[in-house]
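In what follows, a structure is listed as structure tokens, so that the remarks can point back to it.
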Amino acid sequence: MIMTLRTILIHPDPRLKTRCRPVERFDAALRKLAEDMLETMYDAPGIGLAAPQVGVTRRLLVMDASGKEEPPQPMVLVNPEVTWASEDLNTHEEGCLSIPDIYEEVTRPARVRVRWQDLDGKAQEQEFDGLWATCVQHEIDHLDGRLFIDYLGAVKRSMITAKMKKLKKQRA
Ligand code: K2U
Ligand code: ZN
């Protein structure tokens, strides 16, 4: 079983602003993509990765927000949706593999219930809290073409976008 590291798109990129379409075919290609995304996430390293970040505008995300001392807990969520969000909020410093070296505080519901399909198309539902809740909301935002910098003020966001354009020019 060979896994392939995928290239992570850097903001600004139209594919990162796209509302992704649902996954319809639960086949070997989907499984391969999920495996590649998990390998790409661990290699980055990151604790989450959404399909549009590797150029696939479909509703699929992977995450593993388990702490360093805990065993890995890779999760694959297909066609995820938030079915409930707590009133109380939580503020966490967020980063994004598509916006390297930028970290800003974002406030989100502290707990969310998410419903999704697994790689066999079977329905799953679970409540997330802590870093898992922050991460799953950050990843589902990616599927709707939303980035964590969209929660910042316009001035800060435009400075970050200018910085990323420069970085992309250097990398090209
Ligand atoms: O989606 C991504 O780009 C990976 C994100 C996921 C994430 C962002 C903010 C908060 C939690 C998860 C990160 O780049 S993964 C690296 C990381 C890990 C912990 C905290 C911040 C960033
Ligand atoms: Zn991100």
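This one's a predicted model, so the numbers in the text were calculated from it and none came from an experiment. When a ligand or atom number is given, it counts from 1 through the structure's own listing order.
- Atom 16 (C) of ligand 1 has its closest protein heavy atom at G46 CA, 3.9 Å.
- Annotation: atom 13 (C) of ligand 1 to nearest protein heavy atom, G95 O, 3.8 Å.
- Summary of contacts: the protein heavy atom closest to atom 1 (O) of ligand 1 is E139 OE2, 2.7 Å.
- The shortest contact between atom 4 (C) of ligand 1 and any protein heavy atom is with G48 O, 3.0 Å.
- The environment of K168 atom NZ is dense: over 12 non-hydrogen atoms of other residues, nucleotides or ligands sit within 6.0 angstrom.
- Contact annotation: the side chain of R59 approaches that of R19 to within less than 4.5 Å [non-hydrogen atoms, C-beta and beyond].
- In this structure, L119 is not a member of the same hydrophobic cluster as M75, with clusters built from ILVMFWY side-chain heavy atoms closer than 4.5 Å.
- Those atoms of ligand 1 with a heavy atom of H142 less than 4.0 angstrom away are 1 (O), 3 (O).
- Ionic pairing of K122 and D120 is not present here: no N-O contact between side-chain nitrogen and carboxylate oxygen is shorter than 4.0 angstrom.
- Follow the hydrophobic side-chain contacts under 4.5 Å out from L30 and you reach V62 in the same cluster.
- Y42 pairs with exactly one of I47, D64, L5 by the side-chain contact (heavy atoms from CB on, under 4.5 Å) rule, that one being D64.
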Set out, in order, the CA-CA distance, both residues' side-chain angles and the distance that settles side-chain hydrogen bond (donor to acceptor under 3.5 Å, both in side chains) for E105 and T91, then state yes or no.
CA-CA 6 Å; E105 289 201 335; T91 299; 5.5 Å; no

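- When non-hydrogen atoms are compared, ligand 1 lies under 4.0 Å from neither the backbone nor the side chain of M41.
- Summary of contacts: the protein heavy atom closest to atom 11 (C) of ligand 1 is I47 CD1, 3.5 Å.
- Under the 4.0 angstrom criterion for non-hydrogen atoms, Q53 is in contact with ligand 1.
- Among R108, E94, H92, the residue whose heavy atom lies nearest to atom 20 (C) of ligand 1 is H92.
- Of the protein's heavy atoms, L97 N, 2.7 Å lies nearest to atom 3 (O) of ligand 1.
- The contact set between ligand 1 and C96, taken as ligand atoms under 4.0 Å from a residue heavy atom, comprises 3 (O), 14 (O).
- Draw a line from the Zn ion (ligand 2) to NE2 of H142 and another to SG of C96, and the angle between them is 100° (to 10°).
- Checked by distance only, ligand 1 and H138 come closer than 3.5 Å through their nitrogen or oxygen atoms.
- V114 and L143 fall within a single hydrophobic cluster, where Ile, Leu, Val, Met, Phe, Trp and Tyr are joined by side-chain heavy atoms under 4.5 Å apart, directly or via other members.
- Among protein heavy atoms, the minimum distance from atom 10 (C) of ligand 1 is reached at T134 CG2, 3.8 Å.
- The atom of H138 that is an N, O or S and sits closest to the Zn ion (ligand 2) is NE2.
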Check step by step if side-chain contact (heavy atoms from CB on, under 4.5 Å) holds for R108 and D141.
CA-CA 12 Å; R108 300 179 188 271; D141 270 354; 2.9 Å; yes

Report the C-alpha separation of M164 and I102 in whole Å, then their side-chain angles, then the decisive distance to 0.1 Å, and conclude whether the side-chain contact (heavy atoms from CB on, under 4.5 Å) test is met.
CA-CA 10 Å; M164 291 298 118; I102 302 290; 3.8 Å; yes

